[in-house]
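These notes concern the structure reproduced below.
In each ligand, atom 1 is the first atom listed, and ligand 1 is the first ligand listed.
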Amino acid sequence: MKILVIGGGGREHALVWKLKESRGVEKIWCVPGNGGIAAEADCIVGDSGDVAGIVALAEKCEPDLTVVGPELPLVNGLVDAFEERKWAIVGPPKKAAQLEGSKVFTKEFLQRHKIPTAGMYGAYDSPGNAYGALCEVDWPVVIKADGLCAGKGVLVAKGPDEATEFLERVMEKNELGAGGKRVMFEEAMEGDELSFILLTDGERYAPLVPTRDHKRIFDNNEGPNTGGMGAYSSDELLPEELRREITARIVEPTMKGLVADGIRYQGFLYVGLMLTKEGPKVLEFNCRLGDPETQAIAARMDFDLAEVLGGVAAGKLQTEKLRWKAGASACVVLASGGYPGKSESGKEIRGLEDAAKIPDVKVLHAGTKRDGEKIVTSGGRVLGVTATGRSLDAALEKAYQAAAKIRFEGMHYRRDIGRHGRQVSAAGD
Ligand SMILES: Nc1ncnc2c1ncn2[C@@H]1O[C@H](COP(=O)(O)OP(=O)(O)O)[C@@H](O)[C@H]1O
Ligand SMILES: [Mg+2]
């Protein structure tokens with residue numbers, strides 16, 4: 001089996017790692033990949049959002065299966081282009097990817113199918129209408145840019161000044177690009193957040209192990225938001241009763257709603273939840289795996305990923321094949337100096353070999369590239385040091401032991417991954 005993986009972050013390195021371990025996989029290409037993926041796959045220069053470019057590449061390589069990491073190619077219609085040509089690919093077609101590509105589309109979907117979510121005040125495509133609507137909301141109000149904004153399109157605004165300033169940046173100065181052409185306002189919810197990720201072929205689905213990520217840059221969830229500074233997974237994270245509630249109230253109606261609307265969804269579906277006093281409610285959907293959640297999830301995979309994903313692409317997910325290592329996993333992200341602001345790059349990374357010697361550790365690369373014999377930094381989030389253990393404490397100990405072996409100028413990371421809220425409950429912890 002020959003596989004093409006699209007993307008070049010830590011999530012894609014985790015996918016390549018597990019695909020490479022799968023039986024019968026003889027070749028993996030990755031567009032564009034990174035310095036760590038290069039040791040396990042053939043990295044090909046390219047833009048992961050460029051549908052025509054990837055189709056042209058696949059024409060040459062003839063992969064048996066293509067696996068898409070990021071949202072942009074999905075929203076751009078890569079899956080549609082592959083399916084037209086009868087090429088096997090994992091990921092939702094363009095229409096289904098609107099569950100991530102448009103917050104308004106998603107809100108209307110949730111309302112139509114009576115799936116719990118925050119109430120919407122309205123959607124506005126002119127700044128004048130948006131400013132006007134601010135007079136009629138309760139504070140805080142949540143303002144969401146409709147389109148893809150790489151995690152920068154949402155503000156929980158405490159008052160009109162903050163809201164107006166954000167609307168100006170998004171709608172008038174177009175700081176977020178086309179994603180900010182339209183905004184919607186919704187009610188603020190309170191509670192703990194939880195991601196619930198599943199794999200589906202459109203008919204059958206299987207939940208992945210529960211994970212939690214850490215979005216803030218500093219310990220104790222302080223400082224600005226990031227793409228994610230770490231993640232962990234353990235069975236205890238999600239009590240059985242809450243899992244049942246999420247399945248019954250959110251997942252089942254979502255899957256049925258997609259079918260009823262004629263939206264064929266296949267691939268990974270990430271359900272972002274707020275666990276409110278009235279029960280779990282949907283914050284958002286993502287049409288792909290999360291990063292760094294994937295690193296923690298992959299570490300616990302005890303099944304043949306290529307076989308399972310091949311089944312999804314063929315419309316036959318074998319849910320019983322998804323088996324997981326007992327215990328826990330943790331991923332600690334090592335970031336560049338300056339991140340999440342403008343970050344440094346080109347710094348040599350040392351100690352990777354020593355870190356890899358620690359049992360049950362895998363150092364997954366995100367913002368790295370090869371420079372001759374060296375590996376250097378090339379982005380804000382550089383490495384995801386990932387470990388498994390019989391308990392969360394054991395996994396964390398190994399991950400931090402490995403992280404301590406790695407050095408590059410300006411490197412920083414959180415010391416408290418997995419330390420807060422080890423079990424979630426419906427009313428928050
Ligand atoms: N209705 C809401 N009430 C309270 N907080 C919210 C609400 N919607 C979003 N948030 C907060 O904003 C974050 C980002 O919103 P989300 O909908 O996940 O968009 P994205 O991930 O695309 O930026 C959430 O993780 C949550 O912390
Ligand atoms: Mg989100």
Under-4.0 Å heavy-atom contact with ligand 1, by part of E190 that carries it: neither

Minimum side-chain heavy-atom gap E162-P140 below 4.5 Å: no

Per-residue contact class, L283 against ligand 1 - non-hydrogen pairs under 4.0 Å: both

Atom nearest to the Mg ion (ligand 2) - E284, N, O or S atoms considered: OE2

Closest protein heavy atom (residue, atom, distance) for atom 2 (C) of ligand 1: V142 CG2, 3.5 Å

Nearest-neighbour protein heavy atom for atom 5 (N) of ligand 1, which is reported as residue plus atom name and distance: M274 CE, 3.7 Å

Sub-4.5 Å side-chain heavy-atom contact between D261 and R112: yes

Protein contact of atom 19 (O) of ligand 1 - nearest heavy atom, named by residue and atom, plus distance: K103 NZ, 3.0 Å

Heavy atom of the protein closest to atom 13 (C) of ligand 1 (residue, atom name, distance): V154 CG1, 4.4 Å

Whether over 12 other heavy atoms sit under 6.0 Å from K94 NZ: no

With L383, the side-chain contact (heavy atoms from CB on, under 4.5 Å) member among I349, I375, T377: I349

Residue and atom name of the nearest protein heavy atom (relative to atom 1 (N) of ligand 1), distance in Å to one decimal: E186 OE2, 2.7 Å

Ligand 1 atoms in contact with K144 (distance to a heavy atom under 4.0 Å): 8 (N), 9 (C), 17 (O)

Any side-chain heavy-atom pair of H13 and E40 under 4.5 Å: yes

N/O separation below 3.5 Å, M189 to ligand 1: yes

Main-chain N/O of A366 paired to N34 side chain as donor or acceptor, under 3.5 Å: yes

Any donor-acceptor N/O pair, R216 side chain to P224 backbone, under 3.5 Å: no

K107 side chain to T117 side chain, donor-acceptor N/O pair below 3.5 angstrom: yes

Those atoms of ligand 1 less than 4.0 Å from some heavy atom in A118: 1 (N)

Shortest protein heavy-atom distance from atom 11 (C) of ligand 1, along with the residue and atom involved: V156 CG2, 4.1 Å

Protein heavy-atom partner closest to atom 25 (O) of ligand 1 - residue, atom, separation in Å: E193 OE1, 2.7 Å

Part of E187 with heavy atoms under 4.0 Å of ligand 1, whether side chain, backbone, both or neither: backbone

